[in-house]
There are 2 protein chains.
Amino acid sequence: MTKSFKEIKQTLLMLQSIDRRVAQNFEKRTGISFTRYEMLHTLFERAQLSQIELQQTLKIDQAAITRHLKILEEKNFVVRNRNKQNNREVIVEITDAGISTLENCDLDKNQFIDELFNGFTDQEIKQLQILVKKLIDNTEMLNS
Amino acid sequence: MTKSFKEIKQTLLMLQSIDRRVAQNFEKRTGISFTRYEMLHTLFERAQLSQIELQQTLKIDQAAITRHLKILEEKNFVVRNRNKQNNREVIVEITDAGISTLENCDLDKNQFIDELFNGFTDQEIKQLQILVKKLIDNTEMLNS
DNA sequence: GAGATATAATTGACGAGTCAATGATTGATT
DNA sequence: AATCAATCATTGACTCGTCAATTATATCTC
């Protein structure tokens with residue numbers, strides 16, 4: 001039951017293009033990289049996290065996490081400390097400066113999301129979410 | 001009418017993760033980069049194209065196009081010649097070697113698509129396509 | 001026809017994420 | 001207790017795509 005590749009190809013191409021544009025445009029508007037914003041936001045929601053936990057949430061490589069955190073630390077948006085209970089782990093926390101940076105982005109971020117999903121009904125957003133979830137579950141099986 | 005950012009954030013994160021995994025896994029299976037496969041496939045469908053036309057189809061930067069074509073040319077999968085009617089343009093064509101490379105990938109590619117869209121109904125694939133199209137239309141408005 | 005403008009391709013420098021190798025710490029086995 | 005394996009973080013080398021600057025050609029305008 002092989003699907004029409006031509007259409008699938010186009011959909012995948014569009015998906016990649018969307019991602020790139022989202023990242024580019026988000027940074028242009030808010031002044032902070034989309035990935036680093038997501039990191040900060042995740043840390044804001046969940047207080048203290050190890051880098052592994054961040055990695056699992058953001059689904060990017062550990063090496064990338066380390067490098068982003070280095071940048072966020074230089075700007076004093078996060079602090080990092082070894083976990084005393086397990087010295088292999090680094091515990092990351094957002095700082096007040098980090099939180100206020102998040103807050104400053106809020107308007108631009110909301111505006112951005114509104115434009116990105118302009119014309120979408122709640123139903124469609126939910127539908128997209130479901131389909132994307134299904135896709136990512138499938139990608140998790142790909143390596144076997 | 002700001003949407004629930006938490007869910008949207010997650011959807012966008014998943015989208016990016018899907019794209020990366022698709023590219024990684026496709027190359028691992030077929031031995032050719034996903035983007036370069038798409039280039040070859042586009043050239044196969046449409047015979048002769050300028051690099052600008054390729055760029056518009058693949059929606060990646062011109063610079064990236066130039067570099068991918070350099071690689072494809074080194075492998076003799078494509079040939080490039082200046083357009084005699086307009087010497088600014090380079091006309092790209094797929095070679096027989098390029099075509100047979102495409103053919104060799106076919107089985108792996110179909111297998112890959114089947115796994116990626118495993119459990120999707122035709123209806124769902126169509127739905128995804130529509131939503132993605134809507135999204136990309138919105139991203140095109142973002143810069144204004 | 002000469003000079004300004006536009007278009008196509010190329011190059012270099014950059015940021016992002018991946019993989020593989022390394023280091024440091026912890027846990028398990030004997 | 002000593003070795004061996006597993007886990008977490010870091011680093012270097014790499015690919016990919018972007019942007020900005022450059023070159024070459026074509027088109028427009030006076």
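Within every chain, numbering begins at 1; the chains are lettered A, B, ... in the order of the sequence lines, protein sequences first and strands thereafter.
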How many whole angstroms separate atom [atom1] of [X] from atom [atom2] of [N]?
X       : N      : atom1 : atom2 : answer
A:Gln51 : D:dT11 : CD    : P     : 11 Å
A:Arg80 : D:dC8  : CZ    : P     : 16 Å
A:Glu89 : D:dA6  : CD    : C1'   : 13 Å
B:Phe26 : D:dC16 : CZ    : P     : 13 Å
B:Arg20 : D:dC14 : CZ    : C1'   : 17 Å
B:Gln55 : D:dT18 : CD    : P     : 8 Å

Are B:Lys134 and A:Glu124 within salt-bridge range, i.e. N to O under 4.0 Å? yes
Electrostatic pair A:Glu140:B:Arg21 at N-O distance under 4.0 angstrom: yes
Could you tell me whether B:Arg36 contacts a base, only the sugar-phosphate backbone, or nothing, with contacts defined as non-hydrogen atoms closer than 4.0 Å? sugar-phosphate
Identify, between B:Lys28 and B:Glu53, the residue whose nearest nucleotide on DNA chain C lies closer to the 5' end. B:Glu53
Any chance you could measure [X], atom [atom1], to [Y], atom [atom2], to the nearest 0.5 Å?
X        : Y        : atom1 : atom2 : answer
A:Asp19  : B:Ile18  : CG    : CD1   : 8.5 Å
A:Glu115 : A:Asn25  : CD    : CG    : 8.0 Å
A:Asn118 : B:Met141 : CG    : CE    : 8.0 Å
B:Asn138 : B:Lys133 : CG    : NZ    : 10.0 Å

Counting neighbours of CG on A:Leu107 that are heavy atoms of other residues, nucleotides or ligands and sit closer than 6.0 Å, is the number greater than 12? no
Mark yes when over 12 heavy atoms from residues, nucleotides or ligands other than B:Gln10 sit less than 6.0 Å from its CD; otherwise mark no. no
Is the phosphate of D:dC16 approached by B:Thr35 (side-chain N or O, under 4.0 Å from OP1 or OP2)? no
Walking along DNA chain C from 5' to 3', note the first and the last nucleotide with an atom under 4.0 Å from a heavy atom of chain B, and give both. C:dA6 to C:dC19
Mind listing the residues from residues 60-68 of chain B sitting with a heavy atom below 4.0 Å of DNA chain D? Number order is fine. B:Ile60, B:Asp61, B:Ala63, B:Ala64, B:Arg67, B:His68
Considering non-hydrogen atoms only, spot the tightest contact between A:Leu13 and B:Thr57 and give its length. CD1-O, 3.8 Å
Could you encode protein contacts along nucleotides 21-29 of chain D as a string, one character per nucleotide from 5' to 3', using B for base contact, S for sugar-phosphate-only contact and - for no contact, with a heavy-atom cut-off of under 4.0 Å? ----BS---
Side chains of A:Glu103 and A:Ser100: any donor to acceptor distance under 3.5 Å? no
Tell me whether the NZ or CZ atom of A:Lys109 lies within the 45° cone about the ring axis of B:Phe5 and under 6.0 Å from its centre. yes
